[in-house]
There are 2 protein chains.
Amino acid sequence: MLVDERRSRILKMTEEQGFIALQTLVTALGASESTVRRDLESLDAAGLIQRTRGGASFPGDARADFDARRSLASVEKQRIAQRTAQLIHDGETVLLDGGTTTLEVARNLTGRSLQVVTNSLPIAQLLMNQPEIELIFIGGFVYPKTGVALGQLAVESLQRVHATRLIMGTGGITDDGLFNSNSLLVETERQMIASSDRFTLVADSSKFGQRALSHLCELREVDELVTDSGIDCHWKQMLHAADVSIEMVETAATEQPLAGQ
Amino acid sequence: MLVDERRSRILKMTEEQGFIALQTLVTALGASESTVRRDLESLDAAGLIQRTRGGASFPGDARADFDARRSLASVEKQRIAQRTAQLIHDGETVLLDGGTTTLEVARNLTGRSLQVVTNSLPIAQLLMNQPEIELIFIGGFVYPKTGVALGQLAVESLQRVHATRLIMGTGGITDDGLFNSNSLLVETERQMIASSDRFTLVADSSKFGQRALSHLCELREVDELVTDSGIDCHWKQMLHAADVSIEMVETAATEQPLAGQ
DNA sequence: TTGGTTTTGATTCAAAATGACTGAAATCAG
DNA sequence: CTGATTTCAGTCATTTTGAATCAAAACCAA
């Protein structure tokens with residue numbers, strides 16, 4: 001059997017069943033375990049499936065979203081979130097996109113006096129009972145995996161609001177700009193950028209060089225980036241050229257040797 | 001069974017039932033006690049559940065009063081909610097207003113194949129990961145105590161949707177019609193009525209004769225009422241005159257003497 | 001054919017997950 | 001209050017899974 005045929009069959013089976021065990025694939029395809037592993041590795045790198053222990057899942061499946069939810073925010077993410085929260089002034093109107101990093105930012109906004117606009121159910125849930133925060137939710141079709149509202153209704157709602165600052169994460173950053181995995185999401189995020197004065201991007205260093213399905217925007221649309229110090233020199237130059245101001249937090253790697261803290 | 005699937009199932013069961021015993025999970029999942037403990041530990045660390053002695057329950061502030069309110073949901077409310085859920089056909093587009101009774105209705109819709117439109121964060125949270133339910137959230141200013149979206153943005157969003165059925169609670173019912181305590185809420189609810197084909201009101205018998213701050217609508221705008229048998233004869237006549245069809249569930253009072261159940 | 005590359009499958013070792021067991025702590029019954 | 005029971009955290013051996021390595025097979029071009 002040819003490589004491409006085998007891989008497309010894996011893809012098809014994963015899409016149909018949402019989740020598939022490695023051993024099942026070995027039997028179904030008649031290939032060795034090593035080969036199937038390599039196929040999964042390749043498909044995962046291409047972003048077409050999501051590898052999990054013991055098999056693979058389809059990115060759109062409900063059972064798969066679990067990984068994303070489970071993943072504890074890394075130390076970098078938390079640091080980035082803290083710094084980002086510090087950049088926000090009391091009284092601002094902040095537009096918060098969905099995502100794990102922005103959720104961390106929201107955690108750091110509790111007790112602050114702000115107006116928050118968001119399309120993320122988890123963030124709304126978190127901030128809904130904060131007495132000092134006036135919360136406006138952007139409605140729309142709720143994407144099951146992440147709990148963010150998308151689509152036409154979301155875009156139209158966003159057209160009616162205006163924020164002084166947008167906090168957004170991203171799937172990947174390359175020379176060509178920002179990327180995200182979902183085209184519906186990208187459409188909504190474009191309107192977010194249009195509805196805000198200042199665009200603050202939050203992205204840990206692992207996002208650089210990553211490319212995802214849909215192109216979101218050019219790099220120069222970003223006003224400000226909060227990232228960790230693991231970022232490569234090449235990207236610093238590129239960001240500088242695109243007129244993006246950089247806020248950098250120490251990575252765990254550079255700080256751990258310093259103290260017991 | 002694989003790790004993610006197991007944890008995902010734990011999460012689902014906890015979400016649906018509010019609280020779940022460790023032993024129940026051991027039996028349901030066919031895993032060892034140690035494994036389930038580790039799963040609970042991991043999920044707790046991620047903030048997705050809250051461990052308690054003997055099992056796990058929902059995390060978060062909002063969830064907590066959620067559960068508290070749920071436990072307060074009287075037997076009547078639960079019966080009314082069950083019956084209301086039975087009235088809804090698969091494939092319908094249901095508009096669900098906020099409130100404790102409608103939240104109970106939402107609990108009874110899990111696993112159904114429906115399109116649900118709501119402006120209530122607790123309901124959205126509950127239904128967001130139901131694979132068979134397509135969820136549309138109506139955005140707006142989020143009212144802190146109850147987590148419902150209100151105001152101009154909500155009204156405009158509602159103008160853009162259309163539902164075959166509206167499920168709504170109320171603060172009080174008198175000869176003059178329906179009432180609610182919040183005028184922003186009433187404004188939004190009026191648009192809900194306008195955007196739906198059929199108006200199903202859910203209200204236990206204690207609501208009759210109660211009058212609240214803001215007048216919502218006339219009685220004859222209601223198509224269908226689900227209530228308990230504690231309702232007075234006077235009101236039955238009035239509802240009949242207003243052309244409201246009545247679905248009645250047995251109250252605890254009339255049923256308790258029957259059996260040990 | 002020959003020499004080189006790519007793909008595949010088997011093997012090996014490390015990491016992770018699991019289940020059974022232990023003693024400690026919390027809870028309950030009397 | 002005391003003893004019994006339940007629940008829990010930690011340890012350890014076993015099993016499963018995954019990454020790396022290496023040799024064989026298939027493929028390709030000359």
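Fair warning: this is a prediction, and the values are worked out from it, not measured in the lab. The basis for the numbers below is simple: all heavy atoms, side chains too, and nothing from hydrogens, waters or symmetry mates.
No salt bridge links A:Asp243 with A:Arg220; every basic N to acidic carboxylate O contact stays at or beyond 4.0 Å.
Atom CZ in B:Arg37 sits about 15 Å away from atom C1' in C:dT18, given to the nearest Å. Between the CG atom of A:Leu29 and the P atom of C:dT8 there is a distance of 11 Å, rounded to whole Å. Between the C1' atom of D:dC8 and the CG atom of B:Leu22 lies a distance of 10 Å, rounded to the nearest Å. The separation between A:Glu41 atom CD and D:dT21 atom P is 13 Å, rounded to whole Å. Distance, A:Arg6 CZ to C:dT8 C1': 8 Å, rounded to whole Å. Across the protein-nucleic acid pair, B:Leu25 atom CG and D:dC8 atom P stand 11 Å apart, rounded to whole Å. The nearest whole Å value for the distance from the CD atom in A:Glu33 to the P atom in D:dA19 is 11 Å. In this structure, A:Leu40 places its CG atom 13 Å from P of D:dT17, rounding to the nearest Å.
Not a single donor-acceptor pair, N or O on each side, falls under 3.5 Å between the base of C:dA10 and the side chain of A:Ser32.
DNA chain D is contacted by both A:Ser34 and A:Gln23; A:Gln23 maps to the nucleotide lying nearer its 5′ end (nearest heavy atom per residue).
The shortest distance between the side-chain N/O atoms of A:Arg53 and the OP1/OP2 oxygens of C:dT18 is not below 4.0 Å. In terms of phosphate contacts, B:Thr35 brings a side-chain nitrogen or oxygen within less than 4.0 Å of OP1 or OP2 of C:dG19. Contact annotation: B:Arg38 does not reach the phosphate of D:dG10 (side-chain N/O to OP1 or OP2, under 4.0 Å).
Under the 3.5 Å distance criterion, the side-chain polar atoms of A:Thr227 are matched with a main-chain donor or acceptor of A:Ala203.
Among the nucleotides C:dT7, D:dA9, C:dG9, the one closest to the side chain of A:Val3 is C:dT7.
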Report task. Test salt bridge (Lys or Arg N to Asp or Glu O under 4.0 Å) on B:Glu104 and B:Lys77 and set out the steps. Result -> CA-CA 7 Å; B:Glu104 278 301 308; B:Lys77 266 190 190 166; over 6 Å; no
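Separating the CD atom in A:Glu33 from the OG1 atom in A:Thr27 is a distance of 10.0 Å, to the nearest 0.5 Å.
Ring orientation note: the planes of A:Trp235 and A:Phe208 are tilted relative to one another, at an angle of 30° to 60°.
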